[in-house]
Structures are given as structure tokens and as C-alpha cells.
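What follows is a short report on a single structure.
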Amino acid sequence: MTEATPAYELAEVNIARLKAPIDSPQLKDFVDNLDSVNADAEAADGFVWRLVSEGGNATDISVFDDPWLIVNMSVWRNTDALTAYMYQGRHREMLARRREWFEQVREAMVTLWWVPEGHRPTVAEAETRLLHLRAHGPTPYAFTLRTSFPSGASTPVTGEVPEGLGCAV
């Protein structure tokens, strides 16, 4: 009898530095569209899960202990499913307007990694993966859509994380 190959799903985290408080007039269009964009994601082929707080989205969940950062984290069947959702419909429209609401930052703000099927990543796990990407570039442990890796278990590259990999503007 052979062992079954473990199944994996794609986790993604995307953080952004706000240009203004989340309840400000400057971010009104962004906030007003969150529910519909999230509903589109949940209805998308290949969607598995997304991080939400009691408020129904993740804008009040802390990331990197920085009140100016917001987090979006989800799990998808694979990179094709995530890409198909990202570049169509309302999400594409919102993506085109991101500079109105979010600061441009020098560091990577998005990372992907494979998780065992059924695993739901934590914000701490996402922070670790994003810092790993910043320190080591794309690896099977933390990667980007542009430089992705096949599904499967991965281990981090060992070594110290250099100072200054936070979220400076």
C-alpha cells in the first residue's frame, strides 16, 4: 500500500500602509467597496478561505504591530485561481486605484506559500513568511506570483534576518 501524496493549498498575504485613517474621507471608496470585493473573492473559483475579524473584514487586525498597516490574507486552490481573481472585475478596479489609498513602500508587501490542505495561516505566520521573502528573495518557503514554486513542504533558509526589513515608506 502506498502513502497518499499530501495535498497543499496556496496561502497569500498582502499588507498595505494606509495614507490616511481607515475611517477618513480619503479611504471612503476603498472601505465602501470592501464587502463587495470580499464577496467576489469568496465566490471565485478556487477560493478556500480568508482572514476576517468580528467586523467581517480584516482591516482591524494588527500586522507587524503597526496601526497604519492593514492585512489581507487568504487561501486558494492554486496560483492560477488567485491570479484569475486578482486581475478581473472589482478587484482589478480597486487594484488600479491602490495609490490613492496606500503608500508605496520599498519592501515586499505580498508573499505566497504552500500550506497543507485545511491549514489556516495566522498573521504571525504571514509576518514570518514576508520577512523571509524580504531577507532571502523568493524561495519555496516564501515566494511571489512572478517567481513561484510547486506545492509541497518547504523549510526556511537559515540565517539572521537583517535589520531594517520592517515596513518603511
Pairs involving residues 70-79, ordered by first then second residue, that meet side chain to side chain donor-acceptor pair (under 3.5 Å) (sequence neighbours left out)
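Found Glu12-Ser74, Asp45-Arg77, Ser74-Trp76.
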
Would you list the atom pairs, donor with acceptor, under 3.5 Å between side chains in residues 84-91 and any protein atom, with sequence neighbours excluded?
from  : atom 1 : to    : atom 2 : distance (Å)
Tyr85 : OH     : Val37 : O      : 3.1
Gln88 : NE2    : Ala84 : O      : 3.4
Arg90 : NE     : Asp40 : OD2    : 2.8
Arg90 : NH2    : Asp40 : OD1    : 2.7
Arg90 : NH2    : Asp40 : OD2    : 3.2
His91 : ND1    : Met86 : O      : 2.8

Does any non-hydrogen side-chain atom of [Y] lie less than 4.5 Å from one of [X]?
| X | Y | result |
| --- | --- | --- |
| Phe102 | Ile15 | no |
| Thr144 | Leu112 | no |
| Leu18 | Glu103 | no |
| Phe47 | Leu82 | no |
| Arg106 | Arg134 | no |

ring-ring contact (aromatic ring centres under 6.0 Å, His included) against Trp101, all qualifying residues, sequence neighbours excluded:
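Once residues adjacent in sequence are excluded, the partners of Trp101 under the ring-ring contact (aromatic ring centres under 6.0 Å, His included) criterion are Phe30.
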
When every non-hydrogen atom of Ser53 is compared with those of Asp60, the smallest separation belongs to OG-OD1, 2.6 Å

For the student: nearest non-hydrogen atoms of Pro121 and Trp113, plus distance
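Looking at all heavy atoms of both residues, the shortest contact is CB-CZ2, 3.6 Å.
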
Mind checking side-chain contact (heavy atoms from CB on, under 4.5 Å) for [X] and listing every partner two or more places apart, or none if nothing turns up?
| X | result |
| --- | --- |
| Val48 | Glu9, Val75, Arg120 |
| Gln26 | Lys19, Ala20, Ser24 |
| Ala142 | Thr111, Arg129, His132, Leu133 |

Are [X] and [Y] in one and the same hydrophobic cluster, where Ile, Leu, Val, Met, Phe, Trp and Tyr link if side-chain heavy atoms are under 4.5 Å apart?
| X | Y | result |
| --- | --- | --- |
| Val31 | Met94 | yes |
| Tyr141 | Val13 | no |
| Ile61 | Val63 | yes |

N/O donor-acceptor pair under 3.5 Å between [X] side chain and [Y] backbone:
| X | Y | answer |
| --- | --- | --- |
| Thr128 | Ala124 | yes |
| Arg17 | Trp68 | no |
| Arg98 | Leu95 | yes |
| Trp114 | Pro140 | no |

Hey, could you give me the CD/CG distance between Glu107 and Leu130, rounded to the nearest 0.5 Å?
9.0 Å

Return the CG to NZ distance between Asn33 and Lys28, rounded to the nearest 0.5 Å.
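One finds 9.5 Å between CG of Asn33 and NZ of Lys28.
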
Count the heavy atoms belonging to other residues, nucleotides or ligands that lie under 6.0 Å from CG of Asp32, then report whether that count exceeds 12.
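Atom CG in Asp32 is crowded, with more than 12 foreign heavy atoms closer than 6.0 Å.
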
